[in-house]
**Student:** 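I have a structure here, written as C-alpha cells, and I will follow up with some questions on it.
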Amino acid sequence: MSEPELRTSPITPTVDFLAEGVQHGFLRLPYSRDDSAWGSVMIPVTVFKNGEGPTALLTGGNHGDEYEGPIALFDLARTLKAEDVSGRVIIIPAMNYPAFVAGTRTSPIDKGNMNRSFPGRPDGTVTPKIADYFQRTLLPLADIVLDFHSGGKTLDFLPFCAAHILPNKVQEERSFELVDAFSAPYSMKMLEIDAVGMYDTAAEEMGKVFITTELGGGGTATAKSAGIAKRGVANVLRRAGILSGKAEVSSTQWLDMPDGDCFAFAEEGGLIEPLVDLGDTVVEDQVVARIYPLGRTGTQPSEVVAKMDGMLCARHFPGLVKAGDCVAVLAIPV
C-alpha cells in the first residue's frame, strides 16, 4: 500500500527564490495562539541571486542558544552585494526562530529540537512544519549547505568546522574540501552519536555537500568565535565559486572522531571538577573530571575516565552535571 501524499507546506515565503537581485523577507508560518488568533511565526530570510551558478543554503540558529552562526549570517545578509555573487545564496540566520528568540536549545512552543525533527511534517506542530519546509522546498534548491552550530548553554567546544564520513566518497571529498576552505583553527572528521532526524542526515541523503561547525559554547559568542564564523562562511562561498574575492586562509589542525569511545558520560549527578581543559592531551584511563555529590561533605567523588588517547575537543559547560550528561569528547589529531 502506497504512502499517502503529504499536504502542501503551510509556510509561505515573502521572497522569490528564482528572482534576480537581493531580497530580504520572511518564511511566514501561521501559528494561532492565545495572544494572536491569526498570528504567524516570521522567520527572517535573505536571497541573493545573480545569474547562473551553484546555490548555497546558509543556516544558523538550528538550536536557539548558539550564536556564532546567527551573528555571521545576519552580518552577511546586510553586507553581501548581489554583483559579487555568481549563482544564489539563501541565508536563514535562525532556523528554529522561536527557540532563537527565547534563547533556548529547543522551541518554547512545542519543545521541538529542530536537529532531531527531520524530515518533518506539514501537519505537525511548529518545529516539524519548519523542518518539512527545509526538507521539501529549501534543501532541493541547494548544492552546498553550511549549518552553523556551537555548544549552546551546556557544552563548550574547540572551534572547528566539520563534515561526516559518507558512503559516497565523491560527496565526502567535496564536503571535506569545503571544511578545509572554511579554515577554522580545527577541522573535524565528525561522528554523531544521535543522527536520527538530523538536518545533516537529510541533506546528505539528498546528495548535498554538507558542512557544519562547533565554534565555542556556553550560550554566548566571543569576538574570536564570531570572527571565525564570518571569515569561514566567506571562504566557503569563495571556494564554491559563488563569491568573488580572495579567501582568508589560516592553518588548521585536523581531528578525527573514530568511534563511540570519543564520548564520556556522567553516571551520577553533582558538582563537576574538570581536570583537563580544551586542547589538552589525554591518555586512555586518565581521569578527566570528578563529580562531587551535592548533599554531603566527606564523600568520595565519582570519576569520569577517558576510554582512549586523544585531545579534549568538547566539555560539559555548567558547573552542575546530571547523570547521563556528556562530560567530555575526545578526538585524535590527524
Side-chain angles (χ1 to χ4, degrees), residues 48 52-60 62 66 68-73 75-77 80 84-93 95 115 134 138-150 157-192 195 198-216 225-257 313 331 334:
F48 293 86
E52 298 300 316
T55 292
L57 176 58
L58 310 175
T59 54
N62 190 323
E66 302 174 2
E68 284 81 1
I71 289 170
L73 296 181
D75 184 68
L76 186 66
L80 192 60
D84 293 330
V85 170
S86 297
R88 179 170 51 185
V89 180
I90 302 171
I91 302 173
I92 301 176
M95 287 178 69
N115 217 27
F134 274 82
L138 294 178
L139 282 176
L141 296 175
D143 297 295
I144 65 171
V145 182
L146 167 54
D147 184 39
F148 280 100
H149 286 265
S150 56
F157 284 87
L158 291 176
F160 63 76
C161 186
H164 299 109
I165 303 297
L166 299 172
N168 183 326
K169 295 305 173 184
V170 174
Q171 181 187 11
E172 176 189 298
E173 182 180 3
R174 291 181 63 206
S175 299
F176 282 120
E177 285 177 0
L178 292 187
V179 171
D180 185 66
F182 191 98
S183 198
Y186 296 88
S187 297
M188 182 74 76
K189 296 181 178 181
M190 197 170 185
L191 170 71
E192 297 288 354
M198 292 185 72
Y199 183 44
D200 316 38
T201 306
E204 289 162 352
E205 287 180 347
M206 289 186 191
K208 309 301 180 181
V209 176
F210 181 92
I211 65 173
T212 187
T213 68
E214 297 289 358
L215 295 178
S225 64
I228 292 168
K230 291 164 72 172
R231 289 189 299 273
V233 66
N235 284 346
V236 167
L237 293 175
R238 289 179 178 121
R239 177 66 68 89
I242 297 172
L243 181 63
S244 60
K246 186 177 181 181
E248 295 183 37
V249 178
S250 58
S251 62
T252 187
Q253 168 68 65
W254 279 88
L255 303 171
D256 185 18
M257 297 171 65
C313 66
V334 177

**Student:** Check ring-ring contact (aromatic ring centres under 6.0 Å, His included) between F134 and all other residues, then give those that pass, not counting sequence neighbours.
**Tutor:**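 By the ring-ring contact (aromatic ring centres under 6.0 Å, His included) rule, F134 matches Y199.
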**Student:** Provide the full list of side-chain hydrogen bond (donor to acceptor under 3.5 Å, both in side chains) pairs with a residue in residues 158-170, sequence neighbours left out, each pair given once.
**Tutor:**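 Sorted pair list: H164-E192, H164-E204, K169-E172.
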**Student:** Restricting to side-chain contact (heavy atoms from CB on, under 4.5 Å), what partner residues turn up for K230, sequence neighbours left out?
**Tutor:**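 For K230, the residues satisfying side-chain contact (heavy atoms from CB on, under 4.5 Å) (neighbours in sequence not counted) are A72, D75.
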**Student:** Could you walk me through whether D180 and R239 pass the side-chain contact (heavy atoms from CB on, under 4.5 Å) check?
**Tutor:** CA-CA 10 Å; D180 185 66; R239 177 66 68 89; 3.8 Å; yes
**Student:** Closest approach of S183 and N235, non-hydrogen atoms and distance?
**Tutor:**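 In this case the closest contact between S183 and N235 is CB-ND2, 3.9 Å.
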**Student:** For the backbone of H149 and the side chain of T213, can you confirm whether one donor and one acceptor N or O come within less than 3.5 Å of each other?
**Tutor:**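 Here the side-chain-to-backbone pair exists.
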**Student:** Does any part of the side chain of F160, heavy atoms only, come nearer than 4.5 Å to the side chain of T252, both counted from C-beta?
**Tutor:**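 Not touching, per the 4.5 Å side-chain cut-off.
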**Student:** Testing the basics here: between I144 and A240, what is the closest heavy-atom pair and its distance to 0.1 Å?
**Tutor:**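 Shortest heavy-atom contact: CD1-CB, 3.7 Å.
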**Student:** Using a 4.5 Å cut-off on heavy atoms from C-beta on, say whether the side chain of P185 contacts that of P159.
**Tutor:**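 Side-chain contact under 4.5 Å: yes.
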**Student:** Starting from the C-alpha separation in whole Å, work towards a yes-or-no answer on side-chain contact (heavy atoms from CB on, under 4.5 Å) for F48 and D84.
**Tutor:** CA-CA 10 Å; F48 293 86; D84 293 330; over 6 Å; no
**Student:** Which atoms form the tightest heavy-atom contact between I242 and A56, and what is the distance?
**Tutor:**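 That would be CD1-CB, 3.7 Å.
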**Student:** Look at the side chain of K208 and the backbone N and O of A142, then say whether any donor-acceptor pair between them is shorter than 3.5 Å.
**Tutor:**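 Flag set: sc K208 to bb A142 pair under 3.5 Å.
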**Student:** Can any side-chain N or O of N62 pair as donor or acceptor with the backbone N or O of N115 at less than 3.5 Å?
**Tutor:**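 Yes, because the side chain of N62 sits within donor-acceptor range (under 3.5 Å) of the backbone of N115.
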**Student:** Going through the checks in order, is the side-chain contact (heavy atoms from CB on, under 4.5 Å) test met by R88 and L141?
**Tutor:** CA-CA 10 Å; R88 179 170 51 185; L141 296 175; 3.9 Å; yes
**Student:** Atom OG1 in T212, atom CE in M198: separation rounded to 0.5 Å?
**Tutor:**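 The CE atom of M198 is 7.5 Å from OG1 of T212, to the nearest 0.5 Å.
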**Student:** Please name all residues satisfying side-chain contact (heavy atoms from CB on, under 4.5 Å) with P70, sequence neighbours left out, ordered by chain then number.
**Tutor:**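 Testing P70 for side-chain contact (heavy atoms from CB on, under 4.5 Å), a comparison that skips the adjacent residues, returns F74, F100.
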**Student:** For R231, check side-chain contact (heavy atoms from CB on, under 4.5 Å) against everything at least two apart and list the hits.
**Tutor:**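 Per chain and number, R231 pairs via side-chain contact (heavy atoms from CB on, under 4.5 Å) with I228, E248.
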**Student:** Of the options I71, L237, L243, which is the one that meets L76 in a side-chain contact (heavy atoms from CB on, under 4.5 Å)?
**Tutor:**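 Passing option: L237.
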**Student:** Taking all non-hydrogen atoms of both residues, which atom of M188 and which atom of C313 are closest, and how far apart?
**Tutor:**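 Heavy-atom minimum between the residues: CE-SG, 3.9 Å.
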**Student:** Taking atom CD of E177 and atom CZ of R174, what is their separation to the nearest 0.5 Å?
**Tutor:**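 The CD atom of E177 sits 8.0 Å away from the CZ atom of R174.
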**Student:** Distance from I165 atom CD1 to S175 atom OG, nearest 0.5 Å?
**Tutor:**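 Answer for the CD1-OG pair, I165 versus S175, is 10.0 Å.
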**Student:** Any chance you could measure L138, atom CG, to T55, atom OG1, to the nearest 0.5 Å?
**Tutor:**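 It is 11.0 Å, given to the nearest 0.5 Å.
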**Student:** Working to the nearest 0.5 angstrom, can you tell me the gap between L58 CG and I90 CD1?
**Tutor:**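 Spacing of CG (L58) from CD1 (I90) equals 8.5 Å.
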**Student:** Does any donor atom in the side chain of T59 or D147 lie under 3.5 Å from an acceptor atom in the other side chain?
**Tutor:**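 Judged by distance alone, the side chains do pair up.
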**Student:** Report the distance from atom CZ of R238 to atom OG of S244, rounding to the nearest 0.5 Å.
**Tutor:**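 With rounding to 0.5 Å, CZ (R238) is 7.5 Å from OG (S244).
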**Student:** For residues L255 and A331, report the shortest heavy-atom separation together with the two atoms involved.
**Tutor:**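 Taking every non-hydrogen atom into account, CB-CB, 3.9 Å.
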**Student:** Does any part of the side chain of L57, heavy atoms only, come nearer than 4.5 Å to the side chain of L139, both counted from C-beta?
**Tutor:**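 Sidechains of L57 and L139: in contact.
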**Student:** Counting C-beta onward and ignoring hydrogens, is there a side-chain heavy-atom pair between E214 and M190 closer than 4.5 Å?
**Tutor:**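 Counting from C-beta outward, E214 and M190 do come under 4.5 Å.
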**Student:** Quick one: side-chain hydrogen bond (donor to acceptor under 3.5 Å, both in side chains) partners of D200, sequence neighbours excluded?
**Tutor:**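 Here no residue qualifies.
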**Student:** Grab the two heavy atoms, one from I211 and one from A163, that are nearest each other, plus how far apart they are.
**Tutor:**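 It is CG2-CB, 4.3 Å.
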